[in-house]
Amino acid sequence: MAQWTTRTQANASPEQVLEVLTDPDAIKLWSPIDFEVEDIRGSRLAAGDVTRVTGSQAGVRVGFDVEVHAAGADGIELSADGPIGIDVRYDLLPAVGGSEVAATVSLRGGGGISGRLLSRATAALLSAGALEGAARRIARAAETKPAYALAA
């Protein structure tokens, strides 16, 4: 299993960062991959949620079943299962002036030609800095309280 990690600082509270991590509209702003949420129970991702997302990666239309294992003041942890498996964890730690965001993404290999292609393309994207860019965009979104209106 390949794994990527990064850390960044946000001039926003862990709660503000969590809102950016759990709001599907906000996620679209920072995610390195375009996707659509096909069904979600509420307006935000919450522990225990299972939803379906679809998107395009390496020119291939793919779908993933996403299960949220934890979502709270200390971060969010989820897994996405489709042609490949992706495990994601964002830990939120209080820090002077805001919070520290520690992100980890692990890839579980896929089967078949499309799974292998998608696994390689995703690994290349992550190796090229996609996780670092996403973490920075998460921090900036939490700091600027964009138009999609973070709850007060």
Side-chain angles (χ1 to χ4, degrees), residues 1-58 62-82 84-109 118-152:
M1 181 176 352
Q3 187 175 63
W4 291 262
T5 61
T6 193
R7 289 183 167 319
T8 194
Q9 295 294 125
N11 294 322
S13 70
E15 294 79 17
Q16 288 171 300
V17 177
L18 181 66
E19 290 186 37
V20 172
L21 290 168
T22 58
D23 179 337
D25 291 330
I27 295 168
K28 290 178 184 181
L29 298 175
W30 59 259
S31 176
I33 298 173
D34 290 331
F35 69 90
E36 293 296 322
V37 177
E38 292 185 1
D39 55 21
I40 187 169
R41 210 170 35 180
S43 61
R44 297 193 178 283
L45 296 175
D49 281 355
V50 177
T51 190
R52 179 103 176 136
V53 299
T54 57
S56 185
Q57 174 74 9
V62 294
F64 290 90
D65 295 316
V66 175
E67 181 177 357
V68 180
H69 304 293
D74 57 349
I76 186 168
E77 184 174 357
L78 58 86
S79 58
D81 292 299
I84 61 173
I86 304 171
D87 298 314
V88 179
R89 182 180 177 114
Y90 285 93
D91 291 312
L92 305 176
L93 306 162
V96 175
S99 23
E100 180 179 39
V101 180
T104 303
V105 173
S106 302
L107 292 182
R108 292 177 272 116
L118 185 59
S119 182
R120 287 185 190 128
T122 303
L125 187 67
L126 289 163
S127 293
L131 183 58
E132 291 85 354
R136 284 191 305 270
R137 288 188 300 276
I138 290 164
R140 299 306 80 82
E143 292 167 357
T144 59
K145 299 179 185 163
Y148 55 79
L150 297 175

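- Note: Glu132 CD to Thr6 OG1 = 4.0 Å, rounded to the nearest 0.5 Å.
- Between Ser119 and Gly109 the shortest heavy-atom distance is OG-CA, 4.4 Å.
- No donor-acceptor pair under 3.5 Å is formed between the side chain of Ser31 and the backbone N or O of Ile27.
- Between Val105 and Thr122 the shortest side-chain heavy-atom distance does not fall below 4.5 Å.
- Residues Ala10 and Arg140 come closest through the heavy atom pair CA-NH2, 4.5 Å.
- Of all heavy-atom pairs spanning Ala73 and Glu15, the tightest one is CB-OE2, 4.2 Å.
- The shortest non-hydrogen separation linking Ala135 to Thr8 is O-CG2, 3.5 Å.
- Here the straight-line distance linking atom CG of Leu131 with atom OG1 of Thr104 works out to 7.5 Å at 0.5 Å rounding.
- Here the shortest heavy-atom pairing between Ala47 and Ala70 reads CB-CA, 4.0 Å.
- The side chain to side chain donor-acceptor pair (under 3.5 Å) analysis of residues 85-96, with sequence neighbours excluded, yields the pairs Glu77-Arg89, Asp87-Arg108, Arg89-Asp91.
- With rounding to the nearest 0.5 Å, the separation of CG in Leu126 from CD1 in Ile86 is 8.0 Å.
- Between Leu21 and Leu92 there is a side-chain heavy-atom pair separated by less than 4.5 Å.
- Here Glu67 contributes atom CD and Leu78 contributes atom CG; the two are 9.5 Å apart, rounded to the nearest 0.5 Å.
- Looking at Asn11, Leu18, Val17 one by one, the single match for side-chain contact (heavy atoms from CB on, under 4.5 Å) with Ser99 turns out to be Val17.
- The heavy-atom pair separating Phe64 from Ile84 by the smallest distance is CE2-O, 3.3 Å.
- In this structure, OG in Ser106 is found 8.5 Å from CH2 in Trp4, a value given to the nearest 0.5 Å.
- Atoms CD and CD, from Glu19 and Gln16 in turn, are 7.5 Å apart once rounded to the nearest 0.5 Å.
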